[in-house]
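Sequence lines set the chain letters: A, B, ... in the order given, protein chains first and strands last, and positions in each chain run from 1. Everything numeric in this text was worked out from a predicted model, so none of it was measured.
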Amino acid sequence: MTAVDGDQVASDSYDARALQDKWQARWAKENPFTASEDPADDRPRSYVLDMFPYPSGDLHMGHAEAFAIGDVVARYRFQLGENVLHPIGWDSFGLPAENAAIKNGTHPAEWTYANIETQAESFKRYGVSLDWTRRLHTSDPEYYRWNQWLFLRFFERSLAYRKEGLVNWCPQDQTVLANEQVVQGRCERCGSEVARRSLNQWYFRITEYADRLLEDMEQLEGNWPERVLLMQRNWIGRSTGADVDFTIEGRAEPVTVFTTRPDTLYGATFFVVAADAPLADELCTPEHRADLDAYKEQVARLSDIDRQSIEREKSGVFLGRYAINPVNGERIPVWAADYVLAEYGHGAIMAVPAHDQRDLDFALTFDLPVREVVETGEGDPAETGTATPGEGRLMNSGPLDGLAKGEAIDRIIEVLQERGTGTASVNYRLRDWLLSRQRFWGTPIPIIHCPDCGEVPVPDDQLPVKLPDNLRGADLAPKGVSPLAAAADWVNVECPACGGAAERDTDTMDTFVDSSWYYLRYCSPHTGDAPFDVDKVAEWGPIDQYVGGVEHAILHLLYSRFFTKVLYDMGLVSFTEPFRRLLNQGQVINQGKAMSKSLGNGVDLGEEIEKYGVDAVRLTVLFSGPPEDDIDWADVSPAASLKFLNRAFRVMVEAGAATAPGADPSQGDVALRKATHQALDKITVAVEAHRFNVAVARLMELVTAARKAIDSGPGAQDPAVREAAEVIAVTLSLFAPYAAEEGWERLGHAGSVAIGNWRTPVPELLTQESVTCVVQVSSKVRDKLEVAPDIEPDELERLALASEKVQSFIGGKEVRRVVVKAPKLVNVVVA
RNA sequence: GGGGCCGUAGCCCAACGGCAGGAGGCAGCAGGUUUAGGACCUGUACAGUGCGGGUUCGAAUCCCGCCGGCCCCA
């Protein structure tokens with residue numbers, strides 16, 4: 001039925017597979033979506049980017065949605081005639097490749113690059129308007145050497161540093177885990193219980209940028225989803241309060257605690273240090289040592305989330321020591337507990353049980369005193385078991401008595417400062433970014449450890465520090481230290497500083513480092529002497545539209561923002577925020593649930609494309625609802641999309657057969673012309689507002705109007721039909737590129753429909769000779785009038801009151817008021 | 001516990017505070033066309049916007065409280 005003769009597809013019905021083959025080959029030859037670097041090219045530039053994929057196999061439904069959405073944005077910019085940068089690459093370092101290599105006795109690169117090739121072919125088939133000349137893979141040495149270069153610049157600025165600290169440790173995978181990889185205290189990958197372990201690890205000092213990460217959100221307001229900004233704010237968790245120094249009996253230096261409620265200082269009745277902080281060990285008296293050690297073992301098995309959960313029974317150990325409250329000299333017991341985190345604040349708190357629920361729970365569990373210092377008008381917490389964190393006048397607080405919260409905070413900070421025992425302070429929930437990983441398939445950290453010189457950076461001219469290529473399969477199996485440690489030839493090197501025997505750092509970087517700056521590399525992907533060409537980044541950056549899943553709301557997006565600010569401080573980029581606008585697409589689910597093997601409800605993208613074709617799958621994804629909503633595949637119909645594509649295609653074919661390009665539309669049917677231009681206007685507005693489902697609905701209406709014009713109107717030879725068909729081809733190109741390209745060709749045009757063909761509606765065709773005015777009597781619709789769009793309100797009111805129907809409903813009652821919203825509505829309010 | 005988002009026909013979804021004869025679509029029903037199936041064309045029924053208040057000439061839309069679902073932070 002389908003005759004493919006060389007480049008020509010003969011069928012007059014829409015044949016998805018034939019068109020895919022034909023146009024994919026054409027695009028591959030002509031590269032219509034390559035960004036221009038010609039200095040003489042003065043078209044406006046735009047940069048549209050989807051979050052790059054991890055090569056975990058072939059593309060799946062999630063990619064289909066994200067890239068369909070990003071492609072509409074990019075293709076719209078192409079249609080407007082802009083010089084668009086729309087690149088692609090792969091986030092190709094990571095643990096799955098390593099696990100596959102261990103299982104198969106191979107090298108992670110084999111699995112990784114095979115998957116990348118598969119995905120690349122799938123992207124081409126999917127018809128995404130990508131610039132293939134800028135393709136990058138983060139696992140290429142040409143890419144990851146710049147991770148190392150950037151690390152060294154961070155190191156020079158003290159933004160990369162190594163410290164001993166408690167980390168999440170998975171005993172099964174034998175590696176540290178990032179916080180996001182710990183779910184309910186268990187390793188998300190293997191399900192084993194995560195332990196806390198103290199290790200010497202590398203960190204990026206993101207906390208130094210906490211305030212700027214907060215302040216610069218102003219630039220993103222209105223352009224990023226509000227909930228992402230909210231999540232980042234919460235994650236950073238800035239809180240203001242005071243640092244207060246408590247003297248500890250038998251310790252020379254006082255211990256500082258951070259509190260958001262320094263006004264309640266007189267209500268502190270005990271003192272708590274994090275059980276796993278070094279301070280707990282230090283303060284513990286010999287007779288309590290055994291208790292503490294046992295307790296610590298128990299605590300090490302809990303996640304931070306569990307530890308802070310209010311529902312949990314409070315636990316702790318008295319350390320046999322006393323602290324002195326700096327304002328009233330009171331001697332209060334020092335406890336170690338797990339509900340205080342070693343990393344938050346200073347790892348110690350003053351406990352005010354009357355006004356903090358967790359402190360109160362602890363006090364009631366261990367029979368510690370509770371003293372109210374804020375008069376809240378609620379019941380005594382010691383009796384009710386409910387702390388009163390609200391506001392009120394201070395009491396039992398010496399000089400603070402009678403003050404309100406704000407006044408009391410200001411006053412107590414003054415007092416503390418005068419005595420030199422405290423100061424106003426800001427605390428953050430955000431912690432420094434732990435970047436070491438005991439994994440193989442990542443970027444080696446370019447540091448050499450020398451017994452004499454310490455941490456010595458690998459000189460720039462020795463970058464990249466490449467991964468050794470002689471490790472395979474079992475060599476990569478987890479053994480508690482990085483697999484790189486086993487590569488003796490690789491590890492043992494001369495110290496670049498003194499020439500003595502030294503060893504390479506054997507950890508690799510968190511793969512979030514790779515994705516924190518890849519969008520800059522796309523501007524000059526082949527630059528050999530720098531991570532990116534500063535001038536090119538100035539020309540293209542920042543990204544106008546970024547598209548990706550909300551699961552990256554905090555990590556990737558926060559890290560990228562951090563990197564951009566550091567690079568700004570280094571003078572390498574001219575902007576402080578990398579992504580001007582952000583769109584979070586929803587998930588593709590099935591039958592109300594996330595797709596999973598165990599549920600057996602997976603939908604395979606390749607199979608859907610086999611059945612319905614690329615255009616229909618893309619159209620289904622875009623038409624199903626707003627892009628940020630989840631799509632339940634059980635609720636949508638790719639078959640219906642295919643049906644629509646057939647209708648649209650036939651209109652283009654029939655119009656193409658009946659008239660030639662250049663037919664004067666002003667000679668055509670006015671009613672259809674109006675429908676065409678109104679559809680064009682509405683589609684434009686909807687696309688710009690990212691309401692792609694609405695844009696498709698308007699396009700469907702236009703196809704129906706064109707169909708009627710052909711069948712029971714002026715006929716296919718009318719120039720207005722051609723105009724409609726051309727607008728259909730141009731607008732359809734955003735959603736269903738194969739059908740649009742073929743339709744455009746059938747309409748007699750050479751070249752791709754996709755570039756620079758968007759049209760501006762003719763204003764005269766958007767106005768209507770008359771509009772329907774609704775006339776209400778006391779807000780109920782009683783009559784309708786056909787009036788001129790520019791009718792004067794006075795005239796409209798006169799006409800409305802002259803209506804017989806309206807008069808009959810007024811029925812002699814008093815007209816209290818007449819609301820006139822010309823030309824659409826009149827409301828006659830009667831008594 | 002705190003904060004946020006969302007509830008519109010059987011289903012997915014539209015609707016600058018102004019006609020819900022719902023924009024569009026799915027599934028349904030009835031015709032037409034087709035050798036048949038499918039495809040195609042035409043026409044249709046179905047909700048009064050989760051519940052209760054409030055503001056307003058007028059509320060799906062704004063405000064308050066409840067119910068249900070989802071998300072973030074504790």
Side-chain angles (χ1 to χ4, degrees), chain A residues 1 13-14 225-237 239 304-312 339 341 344 356-358 361 386-387 389-390 429-430 550-551 553-554 584 586-587 589 591-592 594 619-644 646-647 649-651 678-679 682-683 685-686 689 691-705 707-708 710-712 771-785 815-831:
Chain A
M1 191 181 83
S13 66
Y14 170 76
E226 191 50 48
R227 62 174 179 152
V228 173
L229 296 177
L230 188 68
M231 281 161 77
Q232 292 215 352
R233 268 189 209 100
N234 289 339
W235 186 265
I236 294 166
S239 51
D304 288 0
I305 292 172
D306 289 338
R307 288 174 58 166
Q308 293 179 97
S309 166
I310 292 195
E311 282 84 49
R312 255 183 74 246
Y339 77 97
L341 301 182
Y344 181 85
D356 182 285
Q357 190 62 47
R358 287 169 307 173
D361 292 343
T386 304
R429 212 187 72 92
L430 181 72
V550 73
E551 65 272 18
I554 292 170
N584 286 135
Q587 304 283 300
I589 61 173
Q591 294 156 332
L619 197 66
T620 301
V621 155
L622 295 164
F623 181 57
S624 72
E628 46 282 307
D629 284 9
D630 286 351
I631 300 171
D632 192 329
W633 206 249
D635 292 337
V636 297
S637 173
S641 299
L642 183 55
K643 217 162 92 176
F644 165 72
N646 261 300
R647 284 159 53 80
F649 188 73
R650 281 200 317 278
V651 166
Q678 269 154 23
K682 287 175 173 171
I683 291 168
V685 169
R691 285 149 59 227
F692 308 127
N693 55 327
V694 177
V696 173
R698 299 293 161 260
L699 178 53
M700 288 173 166
E701 288 179 289
L702 177 57
V703 169
T704 300
R707 180 79 258 153
K708 279 191 175 150
I710 292 171
D711 290 347
S712 54
V771 296
T772 305
C773 176
V774 175
V775 185
Q776 301 174 326
V777 177
S778 290
S779 305
K780 290 204 170 59
V781 179
R782 299 304 189 188
D783 198 7
K784 285 167 191 180
L785 305 169
V815 176
R816 281 207 178 154
R817 181 176 170 184
V818 182
V819 179
V820 182
K821 298 277 176 180
K824 292 179 74 179
L825 179 126
V826 175
N827 187 9
V828 181
V829 184
V830 299

Which residues share a salt bridge (charged side-chain N to carboxylate O under 4.0 Å, His left out) with Glu226(A), sequence neighbours left out: Arg233(A)
Separation of the C1' atoms in rG37(B) and rG25(B), to the nearest angstrom: 25 Å
5′-ward residue of the pair Asn827(A)/Lys821(A) relative to RNA chain B: Lys821(A)
Inter-nucleotide P distance (rG53(B), rC46(B)), Å rounded: 27 Å
Ile554(A) versus Gln232(A), closest heavy-atom pair with distance: O-NE2, 4.0 Å
Rounded P spacing from rG68(B) to rG31(B) in Å: 46 Å
Sequence-distant partners of Asp632(A), salt bridge (charged side-chain N to carboxylate O under 4.0 Å, His left out), two or more places apart: none
Distance in angstrom units between Ile589(A) CD1 and rG69(B) P, rounded: 16 Å
Atom C1', compared across rC71(B) and rA60(B): separation rounded to whole Å: 23 Å
Nucleotide opposite rC26(B) in a Watson-Crick or G-U pair, distances under 3.5 Å: rG10(B)
Nearest-Å distance for atom pair CD/P, residues Gln587(A) and rC71(B): 11 Å
Val775(A) side chain reached by Lys784(A) side chain, heavy atoms, under 4.5 Å: no
Base paired to rG65(B) (Watson-Crick or G-U; both N/O distances under 3.5 angstrom): rC51(B)
Whole-Å P distance, rA9(B) and rA14(B): 13 Å
Touch class at under 4.0 angstrom, heavy-atom based, for Ser641(A) against every strand present: nothing
Arg782(A) CZ to rC57(B) P, straight-line distance once rounded to whole Å: 19 Å
Glycosidic conformation of rG68(B), taking syn as within 90° of 0 and anti otherwise: anti
Protein proximity profile, nucleotides 9-15 of chain B - base contact B, sugar-phosphate-only contact S, no contact -, cut-off 4.0 Å on heavy atoms: --SSSSS
Separation of the P atoms in rU8(B) and rC72(B), to the nearest angstrom: 23 Å
Integer angstrom distance from the C1' of rC63(B) to that of rU42(B): 47 Å
Atom pair distance, as rounded to whole Å: CG in Leu825(A) and C1' in rA59(B): 14 Å
For Arg707(A), all residues meeting salt bridge (charged side-chain N to carboxylate O under 4.0 Å, His left out), sequence neighbours excluded: Glu654(A), Asp711(A)
Pair Asn584(A)-Val228(A), side-chain contact (heavy atoms from CB on, under 4.5 Å): steps then yes or no: CA-CA 9 Å; Asn584(A) 286 135; Val228(A) 173; 3.1 Å; yes
Under 4.0 Å protein heavy-atom contacts per nucleotide of nucleotides 30-42 of chain B, with B for base, S for backbone only and - for none: ----------SSS
Pairing partner of rG31(B) (Watson-Crick or G-U wobble, both distances under 3.5 Å): rC41(B)
Contact under 4.0 Å: Arg817(A) side-chain N or O vs rC57(B) OP1/OP2: yes
Qualifying residues under salt bridge (charged side-chain N to carboxylate O under 4.0 Å, His left out), relative to Asp629(A), sequence neighbours excluded: none
Nearest-angstrom distance from the residue atom CG of Leu230(A) to P of rC72(B): 12 Å
Touch class at under 4.0 angstrom, heavy-atom based, for Gln776(A) against every strand present: base
Stepwise side-chain contact (heavy atoms from CB on, under 4.5 Å) test for Val826(A) and Val774(A): CA-CA 6 Å; Val826(A) 175; Val774(A) 175; over 6 Å; no
Val550(A) and Glu628(A), any side-chain heavy atoms less than 4.5 Å apart: no
Over 12 foreign heavy atoms within 6.0 Å of CZ, Arg782(A): yes
Separation of atom CG in Leu619(A) from atom P in rC26(B), rounded to whole Å: 12 Å
For Phe644(A) against Leu619(A), the heavy-atom pair lying closest together: CD2-CD2, 3.5 Å
Between P of rG24(B) and CD of Gln678(A), the distance in whole Å: 15 Å
Length of the line joining Asn234(A):CG and rC5(B):P, which is rounded to integer Å: 13 Å
Whole-Å P distance, rC51(B) and rC57(B): 25 Å
Base paired to rA60(B) (Watson-Crick or G-U; both N/O distances under 3.5 angstrom): none
